[in-house]
Amino acid sequence: MADIAGGGIQWLADWDGWYVSLTFARGIGPDELAARLGAVPGIHPGPLGAVDAWSMVTETVDGDGVARVGSWGGWSFAVEHGMPAGAERLAEVSRSGVEAVHLDPQPDHPPKQFAYARDGELVCCFGLGEECWRGGHQPDFLLPELVAARILTPDGAHTRPDGEPDGDRDRLTLGVLENRFGLSLPRHLIEETPLPAFVTCTQ
């Protein structure tokens, strides 16, 4: 079992409280990430922890969300409460040579979702546990890593046993993403730490 206190991102597979989307960007700072996620000008509520961010979501217009931003391990990140702008704006986030990764837990509509964009283009995306169905302009971008982790065969078919616990399966794929992109985000940054916050609009 991964260390749920931090270190990498595999611990997300064991975290029952994963209800926020996470957007990572490499090549821009946290404030620029918030702007590319559609931060509403003039609404900057100041540093918020997770509880206060969720409270603020209930006060926003339908379709808006609250993004808490920071940086860790060479990536800027946004913890997205409410409607995740990163899901719709990932290509925009990645324009001008930036790399962007989006992880969405999809608690109401499994499976969890992964997407990677670079230089204004969605490169690869898939659901965790559904890696055999990949989208994007380069759907096989992570195929070598998924094969090496024994998640897929070289022709893209699943190798995992039927009935494997979701957490075990998800941890393998999160490990691939962690290693390929160098992603790391401690739990305390997501839950407890007050971070600069922005209201984001997905429209």
Side-chain angles (χ1 to χ4, degrees), residues 6 9 12 15 17-109 112-127 135-137 177 181-203:
I9 58 170
L12 289 166
W15 184 30
W18 188 13
Y19 296 111
V20 293
S21 294
L22 302 171
T23 298
F24 300 83
R26 184 158 55 188
I28 53 174
D31 286 356
E32 178 62 18
L33 172 57
R36 295 188 185 195
L37 287 172
V40 178
I43 304 179
H44 191 207
L48 297 178
V51 173
D52 289 337
W54 280 118
S55 295
M56 189 168 183
V57 167
T58 65
E59 301 172 7
T60 61
V61 177
D62 287 347
D64 289 353
V66 174
R68 299 162 53 234
V69 300
S71 59
W72 189 267
W75 291 80
S76 295
F77 67 85
V79 182
E80 297 185 75
H81 304 260
M83 293 296 291
E88 300 295 329
R89 295 179 178 265
L90 200 65
E92 164 65 14
V93 169
S94 75
R95 61 182 167 80
S96 302
V98 171
E99 291 183 275
V101 172
H102 184 70
L103 296 173
D104 191 336
Q106 290 282 328
D108 297 323
H109 302 284
K112 302 173 180 69
Q113 296 292 318
F114 154 80
Y116 169 66
R118 182 179 59 203
D119 202 19
E121 179 178 89
L122 179 63
V123 177
C124 181
C125 59
F126 52 76
H137 288 85
L177 305 179
F181 299 110
L183 296 174
S184 180
L185 192 59
R187 176 177 170 177
H188 71 84
L189 283 180
I190 298 177
E191 281 199 310
E192 304 163 8
T193 304
L195 298 170
F198 300 81
V199 173
T200 56
C201 179
T202 58
Q203 302 301 318

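Going from atom CG of L195 over to atom CG of L189 covers 6.0 Å, rounded to the nearest 0.5 Å. In this structure, CD1 in I28 is found 12.0 Å from OG in S71, a value given to the nearest 0.5 Å. D64 contributes atom CG, which lies 14.5 Å from atom CZ of F198 (distance to the nearest 0.5 angstrom). Atom CG in L22 sits 8.5 Å away from atom CD1 in I9 (nearest 0.5 Å). Taking CD from Q106 and CH2 from W18, the interatomic distance works out to 10.0 Å, rounded to the nearest 0.5 Å.
When all heavy atoms of T23 and G86 are compared, the closest pair comes out as OG1-CA, 3.6 Å. Closest approach of A25 and V93 over heavy atoms only: CB-CG1, 4.1 Å. Contact record, A67 with A78: CB-CB, 4.4 Å, taken as the closest heavy-atom pair. Pairing each heavy atom of G29 with each of S76, the nearest pair is C-OG, 3.2 Å. A85 and L37 get closest at one heavy-atom pair: CB-O, 3.1 Å. Of all heavy-atom pairs between E121 and H137, the closest is CG-ND1, 3.2 Å.
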Check: Checking ring pair (Phe, Tyr, Trp, His ring centres under 6.0 Å) for the pair F77/F24: CA distance, chi angles, key distance, verdict?
Finding: CA-CA 4 Å; F77 67 85; F24 300 83; 7.0 Å; no
Item checked: H102 and S21: CA distance, side-chain angles, deciding distance, side-chain contact (heavy atoms from CB on, under 4.5 Å) verdict -> CA-CA 7 Å; H102 184 70; S21 294; 3.7 Å; yes
Next item on the list: Tell me, with the steps shown, if Y116 and F181 meet ring pair (Phe, Tyr, Trp, His ring centres under 6.0 Å).
Entry: CA-CA 10 Å; Y116 169 66; F181 299 110; 4.6 Å; yes
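When side chains are defined from C-beta on, V101 counts as touching L183, because their heavy atoms get closer than 4.5 Å. R68 places none of its side-chain heavy atoms less than 4.5 Å from the side chain of V20. Using a 4.5 Å heavy-atom cutoff, the side chains of E80 and D104 are not in contact.
By the ring pair (Phe, Tyr, Trp, His ring centres under 6.0 Å) test, W54 is found to be paired with H81, residues two or more places apart in sequence or in another chain being considered. For E92, the salt bridge (charged side-chain N to carboxylate O under 4.0 Å, His left out) criterion is met by R95, not counting sequence neighbours.
Applying the side-chain contact (heavy atoms from CB on, under 4.5 Å) test between V98 and each of R26, R36, R118 identifies R36 as the sole match.
With hydrogens and angles ignored, the 3.5 Å screen pairs no side-chain donor or acceptor of S94 with any backbone N or O of E99.
The aromatic rings of F114 and F126 sit tilted relative to each other, their planes meeting at an angle between 30° and 60°.
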